[in-house]
Amino acid sequence: MAPIRVRIAPSPTGPLHIGTARTALFNFLFARHHGGTFILRLEDTDQARSTAAFEKDIVDNLHWLGLSWDEGPAVAGGEERGSYGPYRQMERLERYAEAAEQLLREDRAYPCYCTPDELEAERRRQEATGQSPSYSGRCARLTAVERRTREAEGLRPAIRFRIGPGTVAFDDAVRGRVEIDTAVLGGDLVIVRADGTPLYHFTVVVDDAAMAVSDVIRGEDHLSNTPKHILLFRALGHPEPRFAHLPLILNPDRSKMSKRKSQTAIDDYVAEGYVREALVNFLALLGWSTGTEDEILSLDELIERFDLGAVQKGGAVFDRQRLEWLNGQWIRRLEDDDLVERLLPFLEADAVAGRIDRVPAAAEVEAILPLVRERLPVLGSIGDVAGFFFCEEVGLDPSVLIPKRWDRATTHDGLQAARATVEAAGASGFEAERLEAGLRALAEERGWKAGDLFMAIRVALTGKTATPPLFESMVALGREQTLERLARAIDTLEEA
RNA sequence: GCCCCCAUCGUCUAGAGGCCUAGGACGCCACCCUUUCAAGGUGGAGACCAGGGGUUCGAAUCCCCUUGGGGGCACCA
């Protein structure tokens with residue numbers, strides 16, 4: 001059997017899309033599971049929409065996800081590796097020209113002089129009469145003389161591939177046998193534009209053939225196009241690869257996931273603080289499952305257990321809540337120093353945005369990790385959860401400062417007593433258990449509910465009612481800061 | 001319109017004829033833990049397996065039809 005070679009072939013006409021990432025992942029898992037080769041090919045023949053910035057976004061984010069490829073551009077705009085290159089379609093133009101030439105020579109393709117306007121009009125007429133849009137084949141039987149006449153008129157032809165009668169069948173790895181009548185393919189297919197640039201259905205086949213791709217694993221949106229590809233493989237005299245069409249990722253309304261209805265750019269998820277492990281884990285389980293009840297799976301585990309045959313046929317709705325849960329699971333599993341390193345950029349962003357006053361050192365972040373770890377649904381929440389540690393002052397709203405069951409006087413009283421207690425504990429007593437014991441004793445002595453006292457202190461120190469554990473937070477904040485913030489809260493109550 | 005694909009809790013899914021009075025996870029609800037928020041633990045609600053016909057001793061699982069949903073039909077990818 002030929003070696004396993006699969007590819008992901010994004011076009012740099014937009015940022016890396018969730019769906020593309022999922023297709024890349026499945027190709028990657030398949031290749032790694034079988035010890036095959038994973039290829040990245042950039043389909044940049046749509047020059048009007050392709051940009052270097054999108055290429056960078058795609059390549060960088062694929063790297064970020066950890067989906068390393070064996071052949072293709074190593075980095076955006078950079079060198080390529082692999083012996084089947086080049087891996088950018090705009091650099092493969094001669095090959096398409098040659099292949100088109102071959103098809104022309106064998107009369108499996110022909111020049112078509114119809115203009116876009118004429119074709120558009122034809123399509124309109126067909127739709128108006130309830131027919132399905134299909135090229136009439138007007139230029140299919142032009143004689144050599146007729147062609148010369150048109151050339152003499154200065155007309156530049158597109159090239160059309162002849163779609164013969166019959167039915168094309170293939171065995172899809174996830175769907176089983178699929179048969180499609182070629183009559184339904186829309187007529188002879190344009191493979192090269194009038195300006196000489198090749199079209200997708202053509203380049204994909206020429207390249208998959210040239211790159212010896214063994215398995216084409218892609219989204220279900222290509223299922224209906226597969227017969228065109230198979231016909232092209234045959235015309236080119238190349239054995240066709242195996243096909244596997246993955247179920248689509250869906251918007252909440254079950255339509256194909258789109259930018260309009262969902263957040264589709266991987267980069268946006270990165271920016272919010274989703275970790276690669278969670279995204280990969282989540283995407284892998286969208287449309288595939290291990291058949292067991294295991295849900296938290298690392299990339300290595302996914303590789304080991306991946307099975308194309310176990311892929312679901314129906315589309316899967318992208319459920320953000322489930323992704324968020326998985327993200328929390330993975331954040332809890334990261335090593336301390338790793339998590340710190342991933343948190344730092346978010347703190348830097350918070351500082352730039354003025355949400356915190358300074359960027360803490362790695363050691364400081366590591367020190368509060370136990371306090372914040374299980375409170376981070378995404379890395380980007382670090383500012384909300386722990387920002388008060390890195391602010392000079394905290395915003396104090398008297399109405400929040402005063403606990404529900406307390407009034408202003410009690411709160412003032414409570415904070416003053418608390419401050420005295422903390423101060424009396426001294427530097428040596430500034431330790432979570434001692435602080436808690438001292439403050440509990442204070443509450444008891446004054447007949448206060450400990451929870452109320454703690455809440456007043458919590459808000460005084462953090463400005464919020466939902467925070468990491470209080471006493472550990474006091475320790476992390478330091479004695480001086482704690483006393484200072486308590487004093488400021490007391491002042492605030494006096495002024496209000 | 002035509003063609004293709006699909007169909008188990010709201011969502012992701014387990015299920016390859018008897019183990020299913022359909023299991024797990026997310027979300028939701030309750031309780032426990034608890035200084036708040038999380039996390040964690042326990043329990044619960046939630047699917048007449050889209051509907052109807054077959055096949056079979058027996059069907060979520062096989063076949064057919066219907067319905068519903070999705071995708072594709074470009075000189076986009």
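Lettering of chains follows the sequences in order, A, B, ..., and the numbering in each one begins at 1.
The base of G71(B) sits within donor-acceptor range of the side chain of Ser224(A), with an N or O pair under 3.5 Å.
Nearest-nucleotide mapping onto RNA chain B: of Arg160(A) and Asp181(A), the residue sitting toward the 5' end is Asp181(A). Residue order along RNA chain B, read from the 5' end via each residue's closest nucleotide, puts Ser134(A) first among Ser134(A) and Ala9(A).
Look at U56(B): it lacks any Watson-Crick or wobble partner with both distances under 3.5 angstrom. Pairing partner, U42(B): A30(B), with both Watson-Crick or wobble hydrogen-bond distances short of 3.5 Å. Nucleotide G1(B) is matched to C73(B) when pairs are restricted to Watson-Crick or G-U wobble geometry with both distances under 3.5 angstrom. Checking G68(B) for Watson-Crick or G-U wobble geometry (two distances, each under 3.5 Å) identifies C6(B) as its partner.
Atom CG in Asp221(A) sits roughly 9 Å away from atom P in G71(B) (whole-Å rounding).
Listed pair Arg440(A) / U35(B) meets the phosphate criterion, a side-chain N or O lying under 4.0 Å from OP1 or OP2. Here Arg175(A) does not reach the OP1 or OP2 of G71(B): none of its side-chain N or O atoms lies under 4.0 Å away. At C37(B), none of the side-chain N or O atoms of Thr467(A) fall inside 4.0 Å of OP1 or OP2 (strictly under the cut-off). Put simply, Lys256(A) has no side-chain N or O that comes within less than 4.0 Å of OP1 or OP2 on G69(B). In this model, the phosphate group of G40(B) is approached by a side-chain N or O of Arg332(A) to a distance below 4.0 Å at OP1 or OP2.
Out of U11(B), G24(B), C26(B), the shortest distance to the side chain of Gln321(A) is found at C26(B). In this structure, of A38(B), G24(B), C12(B), it is G24(B) that holds the atom nearest to the side chain of Glu293(A). Among C12(B), C3(B), C76(B), the nucleotide with an atom closest to any side-chain atom of Leu199(A) is C76(B). Picking from A74(B), A14(B), A38(B) the nucleotide with the shortest atom distance to the side chain of Pro133(A) gives A74(B). In the set C5(B), C2(B), C37(B), the nucleotide with an atom closest to the side chain of Leu223(A) is C5(B).
Residues passing the salt bridge (Lys or Arg N to Asp or Glu O under 4.0 Å) test with Arg108(A), sequence neighbours excluded: none. Every residue was checked against the salt bridge (Lys or Arg N to Asp or Glu O under 4.0 Å) condition with Asp188(A), not counting sequence neighbours, and none meets it.
Using atom C1' as the reference point in both G52(B) and C57(B), the two lie 23 Å apart (nearest Å). Taking the P atom of each, G27(B) and C65(B) are spaced 41 Å apart, rounded to whole Å.
As judged by a 4.0 angstrom heavy-atom cut-off over every strand, Glu43(A) is placed among residues touching the sugar-phosphate backbone only. Counting non-hydrogen atoms under 4.0 angstrom, Glu127(A) reaches nothing in the nucleic acid.
The environment of Arg177(A) atom CZ is dense: over 12 non-hydrogen atoms of other residues, nucleotides or ligands sit within 6.0 angstrom.
Taking the six-membered ring where the residue is Trp, Phe306(A) and Phe26(A) present perpendicular rings, their angle passing 60° and hence far from 30°.
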